[in-house]
Amino acid sequence: MRTVRMLAGALLTGAVLAGPVSPAVADSPSPSPAASDEAGPTEAGTTFRTATLVQQDQRATASASTGDYLYWVFPADTGQRVTVTATVTPPDSAARHGASTWQLDAYDGLRRRQACTRGANTRVASQDAASVELSCTLRPVRSWAEPWANDPLPGSYYVRLTVTDLAEKDLGLPVQVAVRATSSDSGGAHAVDGSLSTPLLPGAGAAQDESDEESDEESASDVEPASPRALGEPEDGWSSGWWTDRWAWTVAAGVLGTLAGITGYRLAGGSGRRRPSPPAT
């Protein structure tokens, strides 16, 4: 019975240690439930420098002209696997002269293009199509990488949406677009040791219009530079990158291994003391 109690205790300990591990415990901040209820921006930038800031789970919309390059920027932290979706609503089919090809691209804070692991980031909209859906799932954001690597790191991420092929007569036609960035926790399987000293953020004012910067240059000469929070820094700050659920699993495995060793020892040899030999007759 004692052995059964020890095994039951080991299983209970492992369940307690491993059970609470979830995205809410990890360093990667998850969007608050209220974030999806907030009204997102209703315009898009036309360059990296004027990209419109949008939080994860917000639905950003914009009215533009076919042929424009549209830019948004959002924050992504360690452990997050981000998926960006876009919906393009072309003008009425009667106003169009043929099919159009749309492309959705993602870039990190250093403007390095990030590859899509899943989703169709390039789609063709036929002349009579009411809308076209695009999506791009990025690789999990790592806490650290070699300087020469192109791994996704914590910081700002740009989204660019544009048409790459269409009839020349369709250039300039009005178009409606909607973009949303969501993320899920990738877990400890993709975790690495180390942390990034500074998130990959564009320069202060990257989400502001150049004309606004010039007009405020003199008045802001004695003011401290803009906080990185203006570019979407999470409320709890950027994660340190040291915590992953691998720690919990390692501790749980260590406890279970220790208890299993004790149990095996007791089953095999008891306390280890030999029974006295019977006296010789």
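Keep in mind that what you see is a predicted model, and the values were worked out from it rather than measured.
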S.K.: Does a donor on one side chain and an acceptor on the other come within less than 3.5 Å for Gln55 and Asp57?
M.R.: no
S.K.: Going by atom types alone, do Glu43 and Thr52 pair a side-chain donor with an acceptor below 3.5 Å?
M.R.: no
S.K.: Could you state the interatomic distance from CG (Leu153) to CG (Leu110), rounded to the nearest 0.5 Å?
M.R.: 8.0 Å
S.K.: State, to 0.1 Å, how close Pro140 and Pro152 come at their nearest heavy-atom pair, and which atoms those are.
M.R.: O-CG, 3.4 Å
S.K.: Report all side-chain donor-acceptor pairs from residues 67-76 shorter than 3.5 Å, counting only partners two or more places apart or in another chain.
M.R.:
unit_1, atom_1, unit_2, atom_2, d
Asp68, OD2, Ser65, N, 3.2

S.K.: Using modelled atom types and a 3.5 Å cut-off, is there a donor and acceptor pairing between side-chain atoms of Asp108 and backbone atoms of Tyr157?
M.R.: no
S.K.: Is the backbone N or O of Leu173 less than 3.5 Å from a side-chain atom of Thr66, with the two atoms forming a donor-acceptor pair by type?
M.R.: yes
S.K.: Check Asp185 with Arg81, please: is the shortest side-chain N to carboxylate O separation under 4.0 Å?
M.R.: no
S.K.: Should Val124 and Leu104 be regarded as members of a common hydrophobic cluster, given that ILVMFWY residues are connected when their side-chain heavy atoms come within less than 4.5 Å of each other, either directly or indirectly?
M.R.: no
S.K.: Just by distance, with hydrogens left out, do Arg160 and Tyr107 show a side-chain donor and acceptor under 3.5 Å apart?
M.R.: yes
S.K.: Would you say the side-chain atoms of Gln127 and Ser93 include a donor-acceptor pair closer than 3.5 Å?
M.R.: no
S.K.: Go through the steps for Leu166 and Thr101 under the test side-chain contact (heavy atoms from CB on, under 4.5 Å), then give the verdict.
M.R.: CA-CA 6 Å; Leu166 81 165; Thr101 303; over 6 Å; no
S.K.: Are the side chain of Arg142 and the backbone N or O of Pro154 linked by a donor-acceptor pair below 3.5 Å?
M.R.: no
S.K.: Can you find a side-chain donor-acceptor pair between Gln114 and Arg139 that sits under 3.5 Å?
M.R.: yes
S.K.: As an exercise, state the distance from CG of Asn150 to CZ of Arg112, rounded to the nearest 0.5 Å.
M.R.: 4.5 Å
S.K.: Would you check if Leu134 and Val88 make a side-chain contact, meaning some heavy-atom pair closer than 4.5 Å?
M.R.: yes
S.K.: If the test is side-chain contact (heavy atoms from CB on, under 4.5 Å), which one of Leu161, Thr122, Asn121, Thr162 qualifies with Asp105?
M.R.: Asn121
S.K.: Could you tell me whether the side chains of Thr87 and Glu133 share a donor-acceptor contact shorter than 3.5 Å?
M.R.: yes
